[in-house]
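For the numbers below, each heavy atom of this structure counts, side chains included, while hydrogens, waters and symmetry mates do not. We name chains A, B, ... by the order of the sequence lines, and we start the count at 1 in each one.
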Amino acid sequence: MQKSENDGNKEGSVDFIRAIVAEDISTNKWDGKVITRFPPEPNGFLHIGHAKSICLNFGIADENSGGQCNLRFDDTNPVTEEDRYVNSIQEDVRWLGWDWDENLYYASDYFEQMYDYAVQLIEKGHAYVCELNARQISEYRGTLTTPGKESPYRNRSVEENIDLFRRMKDGEFKDGSHVLRARIDMASPNMNLRDPVMYRILHAEHHRTGSVWSIYPTYDWAHGLEDSIEGITHSICTLEFENHRPLYDWYLDKLEVHHPQQIEFARLELTYTVMSKRKLLQLVDEGHVNGWDDPRMPTICGMHRRGYSPEAIREFCRRIGINKFNSTIDIALLEHCIREALNKTSNRVMAVLRPLKVVIENYPEGEEEWMDAVNNPEDQSAGTRKVPFSRVIYIEQDDFMEDPPRKFFRLGPGREVRLRYAYFITCTDVVKNDDGEIVELHCSYDPATQGGNAPDGRKVKSTLHWVSASHALRAEVRLYDHLFTKERPEEAKDGEDFRSNLNPQSLQILSDCMVEPGLKDAKPFERIQFERLGYFCIDTDSTADRLIINRTVTLRDTWAKVQKKGNKK
RNA sequence: UGGGGUAUAGUGUAAUGGUAGCACGAUAGAUUCUGGUUCUAUUUGUCCGGGUUCGAAUCCUGGUACCCCAGCCA
């Protein structure tokens, strides 16, 4: 995984972060070491945006000899964090293909040391206990254009601060009554430097430390320390923390401890979806989707269930690059990456989503043949299989038109097409019900075309997939489309929000699908291609007697495009 | 009206003073027992204005636009 040879351009072209790392190695800045970290807060599920960060941090560690990437849970806020998130995050990172070896850490492991650091700062006169309430602190902070006011508690003695801080820790005070603040500059143009809060009182049960602490460090105080304690060399984070860097610098300098280099990059945005934890949570809570692992969600577990492969996600993260400005990636690139990966790796199967019965009248009743079919034309080693053929089969409703337009190559009255791996058939009759709907086709077959080739060399314009009626397995297939109808779901009318752009057709359930019998023992998460339709994945809801299958993504479909264009005219 | 960032085809990303390239998308064609895959071709770009230079996406200068910051969230 050396060098992301960014898409065929000159070798050695790397993103600006990797360039910094390479430079630091060549100058021996950190004794040639590279230690990064992925620091999620265990209060939610990982999504594709996190994958970008994961691939960056673990990727850089992986590409450099002796590199190391820590998985560190930033668990400084007990009221939102839970063990189940710790578990799912580890699962997702591992599934994506990364390994933190022994380097699994928790911010809460450092609570004692952070407390000592805070005492040091107090002793040096750099921190004080403030008894202003939250609203007052906010008022005293001033605004973007006007300086703040100093807290009346700002000039307490060191002794008094030490005593008060200890009592905060010992649980003597109520939530919100006291905070520990850094003593910096209430007039700083950078709001983060206007005496930021370091500790707040929270009588809450922490998922790891239980009730031993009644004060908890804020992110801004804790995060730089965590990196410092772990000896992180390159602390990679997202753009919004750029404004916080001077504060982290200040803490680390006052403490005179190891000082990592922070580098900021832009978070991932994707068209037709939302990425913020808050919005994703809302989708789940309000039932717009069926949980965090709903295959429509951009969560890692959702994409896993949908049928995405880790390789495809990693390739996507490699291709989107790293930058310092907000950009929105076209979801078509993600879809391209999954098609590219699955084309090479997934076995082909025939399945009919919307069955149309076809009776081959000159084929002997009660007879069956097992046709040879190639499992994966892109991979010889995948071998072949046998597919049963008989007198009554199903084809796709879309593959027949009674009055076909010029560009429709498939079956129509009097037309001849090939049944993949089977025979050429010609439509001889169309059977309709009382409502005029087509319910059945009668066809004849040419015995000489067994296997799918005509000895006389005649061609057909199209090849259809099919299943034998008496052999086929029934299945429920879930078709997914973009979760939102707009490229940028946030762009909603006045008084409405992103939910107004939800796509009512993002999930379509087909319950009478027919698939090859070979899928009998398919297991959840198994990925396959249904020929001519798309890539699919066995869903976790699947049981021994009920096959449930997700459509990951369609195949590229030029016929659909032709149709669309026709409709517009 | 404060501070911190950023600007290259439709989208994303290269090019650190020397031919603006690549990918995705779109379009056209070839091949094909998947209207898939593969292959070929076409299309569109340096935010704007000055300056330095033989030569500027790159350096200087003046604008413009967008993003972030006023949680005891991370």
Taking B:U42 as the reference, what is the distance to B:C47 when you measure between their C1' atoms (whole Å, please)? 27 Å
Which way is the base of B:G45 turned, syn or anti, if we draw the line at 90° from 0? anti
Between residues 240-248 of chain A and RNA chain B, which residues have a heavy-atom gap below 4.0 Å? A:E240, A:F241, A:E242, A:N243, A:H244
Do the side chain of A:R156 and the main chain of A:L164 share a donor and acceptor less than 3.5 angstrom apart? no
Answer for the Watson-Crick or wobble partner of B:A74, both distances under 3.5 Å, is none
Classify the nucleic acid contact of A:Y219 as base, sugar-phosphate or nothing, counting any heavy atom under 4.0 Å across all strands shown. base
Mind checking if A:T328 touches a base, just sugar-phosphate, or nothing, with heavy atoms under 4.0 Å? sugar-phosphate
From B:G5, B:C69, B:C72, nucleotide with atom closest to A:K324 side chain: B:G5
Regarding A:N43, tell me which of base, sugar-phosphate or nothing describes its non-hydrogen contacts under 4.0 Å with the strands shown. nothing
Would you say A:R200 and A:N77 make side-chain contact, with heavy atoms under 4.5 Å? yes
Atom CG of A:N192 and atom P of B:G5 are separated, to the nearest Å, by 13 Å
Between A:T209 and A:S108 (side chain of the first, backbone of the second, donor and acceptor by atom type, cut-off under 3.5 Å), is there such a pair? no
Applying a 3.5 Å limit to both distances, which nucleotide forms a Watson-Crick or G-U wobble pair with B:A7? B:U64
How far does the P atom of B:U27 sit from the matching atom of B:G63, given to the nearest Å? 44 Å
Would you call A:D195 and A:R183 a salt bridge, taking side-chain N to carboxylate O under 4.0 Å as the test? no
Say you pick atom C1' in B:A26 and the same atom in B:U58; how far apart are they, in whole Å? 31 Å
So what does A:K461 hit on the nucleic acid, given a heavy-atom distance under 4.0 Å: a base, only sugar-phosphate, or nothing? nothing
Could you tell me how far apart A:F265 (CZ) and B:C68 (P) are, to the nearest whole angstrom? 16 Å
Please work out if A:L342 contacts a base, only the sugar-phosphate, or nothing of the nucleic acid, heavy-atom cut-off 4.0 Å. nothing
Has the side chain of A:R532 got a donor or acceptor that lies under 3.5 Å from a partner of the other kind on the base of B:G35? no
With a 4.0 Å cutoff (strictly under), does any side-chain N or O of A:R339 reach OP1 or OP2 of B:C24? no
Contacts to RNA chain B from residues 329-337 of chain A, heavy-atom cutoff under 4.0 Å, which residues? A:I329, A:D330, A:A332, A:L333, A:H336
Which value, in whole Å, describes the distance between the P atoms of nucleotides B:C66 and B:U16? 30 Å
P-based separation of B:G50 from B:C69 [nearest Å]: 36 Å
Contact class for A:I137 vs. all strands (heavy atom < 4.0 Å): base, sugar-phosphate, or nothing? base
What nucleotide among B:U34, B:C72, B:A70 has an atom nearest to a side-chain atom of A:V179? B:C72
Centroid-centroid under 6.0 Å between A:F408 and A:W559 rings: yes
Using a strict cut-off of less than 4.0 Å between a Lys/Arg side-chain nitrogen and an Asp/Glu carboxylate oxygen, indicate whether A:R267 and A:E240 qualify as a salt bridge. yes
Quick check against the 3.5 Å criterion: does A:N57 have a side-chain atom that pairs as donor or acceptor with the backbone of A:S53? yes
Give A:Y216 one of three labels, base, sugar-phosphate or nothing, depending on what nucleic acid heavy atoms sit under 4.0 Å from its own. nothing
Just wondering, do A:V387 and A:W466 contact through their side chains at under 4.5 Å, heavy atoms? yes
Among B:G2, B:U8, B:U34, the one nearest A:P189 by side-chain distance: B:G2
Could you identify the nucleotide paired to B:U46, looking across every strand shown and requiring Watson-Crick or G-U wobble geometry with both distances under 3.5 Å? none
Near-ring test A:F241/A:H223, centroid separation under 6.0 angstrom: no
Would you indicate what A:N133 reaches in the nucleic acid, counting non-hydrogen atoms under 4.0 angstrom: base, sugar-phosphate, or nothing? base
If you draw the axis of the six-membered ring of A:Y115, does the NZ or CZ of A:K169 fall within 45° of it and under 6.0 Å from the ring centre? yes
Mind calculating the distance between NE2 (A:H207) and C1' (B:A74) to the nearest angstrom? 14 Å
Take nucleotides 38-45 of chain B nucleotide by nucleotide from the 5' end and write B, S or -, depending on whether a protein heavy atom sits under 4.0 Å from the base, only from the sugar-phosphate, or from neither. --------
Measuring centre to centre across the rings, with the benzene-like ring taken for any Trp, is A:F165 within less than 6.0 Å of A:Y199? yes
Cation-pi check for A:Y106 against A:R208: NZ or CZ below 6.0 Å from the six-membered ring centre and within 45 degrees of the axis, yes or no? yes
Centres of the A:F389 and A:W370 rings: under 6.0 Å? no
Need one value for A:E41: base, sugar-phosphate or nothing, where a base atom within 4.0 Å counts as base even if backbone is also close, heavy atoms only. sugar-phosphate
Using only side-chain N and O atoms of A:S138, determine if any of them is under 4.0 Å from OP1 or OP2 of B:G71. yes
Phosphate OP1/OP2 of B:C72: any A:R141 side-chain N/O under 4.0 Å: yes
Using the P atom in both, what is the distance from B:G21 to B:A41, to the nearest Å? 14 Å
Quick test of the criterion, 5.5 Å between centres and less than 30° between planes. Is A:F409 stacked on B:G35 or not? yes
Nucleotide B:G36, atom P - distance to NZ of A:K344 in whole Å: 17 Å
Inter-nucleotide P distance (B:U43, B:G10), Å rounded: 14 Å
For B:G5 and B:A9, measure between their P atoms and round to the nearest Å. 24 Å
Could you check whether A:F73 gets within reach of a base, just the sugar-phosphate, or nothing at all, counting any heavy atom under 4.0 Å? nothing
Should A:E490 and A:R488 count as an ion pair when the cut-off is N to O under 4.0 Å? no
Can you figure out which of B:A14, B:U34, B:G35 approaches the side chain of A:L555 most closely? B:U34
With a 4.0 Å cutoff (strictly under), does any side-chain N or O of A:R200 reach OP1 or OP2 of B:A74? yes
With both distances kept under 3.5 Å, what pairs with B:C59, Watson-Crick or G-U wobble? B:G51
Given B:G36, is OP1 or OP2 found less than 4.0 Å from the side-chain N or O atoms of A:T558? yes
My understanding is that a pair needs two contacts under 3.5 Å, Watson-Crick or G-U wobble. By that rule, which nucleotide pairs with B:U38? B:A30
Remember a base hit wins even if backbone is also touched, and classify A:R181 as base, sugar-phosphate or nothing at under 4.0 Å, heavy atoms. nothing
Quick one: is the NZ or CZ of A:K486 closer than 6.0 Å to the six-membered ring centre of A:Y272, and within 45° of its axis? no
Does A:T76 put a side-chain nitrogen or oxygen below 4.0 Å from OP1 or OP2 of B:A74? yes
Name the residue closer to the 5' end of RNA chain B, choosing between A:F530 and A:P40 according to the nucleotide with the nearest heavy atom. A:F530
Within the distance-only criterion (no hydrogens, no angle test), does the side chain of A:H206 pair as donor or acceptor with the backbone N or O of A:P78 below 3.5 angstrom? no
Any strand is fair game: report the nucleotide pairing with B:C22 by Watson-Crick or G-U wobble, both distances under 3.5 Å, or none. B:G12
Is the phosphate of B:U32, meaning OP1 or OP2, less than 4.0 Å from a side-chain N or O of A:K459? no
Nearest whole angstrom, please: distance from the P of B:G36 to the CZ of A:R410. 11 Å
Is any side-chain heavy atom of A:R339 closer than 4.5 Å to one of A:L555? no
